[in-house]
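Taking it in order: structure first as structure tokens, then the write-up.
Note on naming: letters A, B, ... go to the chains in the order of the sequence lines (proteins, then strands), and numbering restarts at 1 for each one.
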There are 2 protein chains.
Amino acid sequence: MQELDMSKCSQCIVRKFSALKTLDKSELIYMSACKTGQTIKKGSYIFNEGDHLKGVYCIKSGVCKLVKLSSNGRNQIVRFIKRGDLLGQRSIVSDDAVSLSAIAVEDMQVCFIPKADILAVFKQNSNFSSEIINDICYDLKLANHQIVRMAHKTVRSRFATILLELQEEFGVDKDKNLSLKLSREEYANLIGTATESMIRMFANFSKEGLIELKGKNVGILEKERLKQIAEE
Amino acid sequence: MQELDMSKCSQCIVRKFSALKTLDKSELIYMSACKTGQTIKKGSYIFNEGDHLKGVYCIKSGVCKLVKLSSNGRNQIVRFIKRGDLLGQRSIVSDDAVSLSAIAVEDMQVCFIPKADILAVFKQNSNFSSEIINDICYDLKLANHQIVRMAHKTVRSRFATILLELQEEFGVDKDKNLSLKLSREEYANLIGTATESMIRMFANFSKEGLIELKGKNVGILEKERLKQIAEE
DNA sequence: CCAATTTTATGACAAATATCATAAATTTTC
DNA sequence: GAAAATTTATGATATTTGTCATAAAATTGG
């Protein structure tokens, strides 16, 4: 990670997407003074399972995955964090070690805000704290939903769900391919299956005309049909 | 559900187990005045997916399961709530509909505290709000862990994990059987498998001498071996 | 206490998925 | 730009799990 300035929070549009939108001018000036900018290369760790976070990251650009290692050596992508999101929110309210690793999926620009500083704002600004708590509640809701999906849906159905979610969350590029480029292995870790099984699913969906494959690029062709499969 | 008094919060030992332990005398008197007691019969719903909760339940006795229905008709037990726990904590900080149903697994005695009243305490007592937020964070941590378990462990391994967790969380009765009595179907919904597969797993574990079965009673015989299987 | 219902059990089979092996294609590195 | 490494692809096969059918056992309700 390389240290940078990245200038003033008050002029940073990205803050508008997170709980930071509740901060007033003086709070933003305070944040600007506390934060440090960093660039993070694709593939590198922002933090690791078991680390004690010393603050929160505000994502200016790029995407990272939150990953958890299973005792049998497999790993699971629990969710993605992208531009505008805060990474490590729970560390504001909890001193526990993080239970997930954060790994950049694309090159990233982030700002780091030390825990003490963001905690001061958390205690002082109840709109801010409400937003943070709401975010955590929402994460819990999603996580519960994901438990059910993993427990009761086939790989095929989960794949359909993930494709729709990736389109929803990250959109498509100019060629109408999913903007977020993931390897087959990453898809497998997201869906919770073996890489080979994942590759076969890609081949199946492609043969069935549900998606179009051009190398790493994935284009969704039959959204409605995918929705059906996701429900099965 | 039947309405009861259940007397004073300040004399209720159960409050010591939850975030309510942070309340002072005057807050407890306030709670006592707001709350209403209820008894809930085994099998009946406390609330249903999609409901908007009007408050929080404090569990005086008994156990309920939090269940989520999958779009393909199966259902998943996400967790249990027992004596001393607060049920519906998220409704304090969020106006969203609940995403889970709560169903009594045993006869229960609960106290219901209206949202407005508990929210007043939440805003006023920062120790209380910290405890609540910490609980929600902990739930999120467990949920993430469970996603990984569901995605990457076999039914056999998950069964071993659940047996150990049930012993840990609810303990054993005088005959050293697990205190919480669940049907095979409930075990299946907990582990995320078909009831028939679950029944077979019970037979397997019994044959292997890992557990002892006497009707609905389950005695754990080989804890260490179960720990190994849980890791596989 | 007996009939009805529910739960547990078991067999046979089908479907889904993992694993291992190998090879082609692609990307990276020097 | 060629060698090395990684990723993607595919076949063969084993394992796990689900489904359907049926029956035994246990529980419930009158």
Could you check how far [atom1] of [X] sits from [atom2] of [N], rounded to whole Å?
X	N	atom1	atom2	value
A/M150	C/dA16	CE	C1'	16 Å
A/R156	D/dT17	CZ	P	21 Å
A/L213	C/dA25	CG	P	16 Å
B/R158	D/dG18	CZ	C1'	13 Å
A/I211	D/dT8	CD1	C1'	14 Å
A/E185	C/dT26	CD	C1'	15 Å
B/E232	C/dA18	CD	P	17 Å
A/N72	C/dT19	CG	C1'	14 Å

- Message: Is there a side-chain contact between B/R74 and the phosphate of D/dT17, meaning an N or O under 4.0 Å from OP1 or OP2?
- Response: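 Answer no for this pair, as no side-chain N or O of B/R74 is under 4.0 Å from OP1 or OP2.
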
- Query: Are B/N144 and A/D139 close enough that some pair of their side-chain heavy atoms sits under 4.5 Å apart?
  - Reply: no

- Query: Are the side chains of B/L163 and B/Y187 in touch, meaning some heavy atoms are under 4.5 Å apart?
  - Reply: yes

- Message: Both conditions, 6.0 Å and 45 degrees, for the charged tip of A/R184 above the ring of A/F202: are they met here?
- Response: yes

- Just checking, A/K35 and A/F112: is the charged tip under 6.0 Å from the six-membered ring centre and within 45° of the axis?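 Not flagged: A/K35 not positioned over aromatic ring of A/F112.
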
- Query: Are any of the side-chain nitrogens in A/K60 or A/D85 under 4.0 Å away from the carboxylate oxygens of its partner?
  - Reply: no

- Query: Is it true that A/K65 and A/E106 have a side-chain N and a carboxylate O under 4.0 angstrom from each other?
  - Reply: no

- Message: Using heavy-atom distances to pick each residue's nearest nucleotide on DNA chain D, tell me which of A/A151 and A/K207 is more 5'.
- Response: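 This one resolves to A/K207.
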
- Task: Check whether the side chains of A/K153 and B/N72 place a donor and an acceptor atom closer than 3.5 Å, and report yes or no.
- Result: no

- Query: How is A/K216 classified with respect to the nucleic acid when contacts are heavy atoms under 4.0 Å: base, sugar-phosphate, or nothing?
  - Reply: sugar-phosphate

- Given D/dA9, C/dA9, C/dT19, which nucleotide is nearest the side-chain atoms of A/R184?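 Comparing D/dA9, C/dA9, C/dT19 against the side chain of A/R184, the answer is D/dA9.
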
- Output the residues of residues 186-204 of chain A in contact with DNA chain C, where contact means a heavy atom of the residue under 4.0 Å from an atom of the strand; sort by number or write none.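 A/T193, A/A194, A/E196, A/S197, A/R200, in order of number.
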
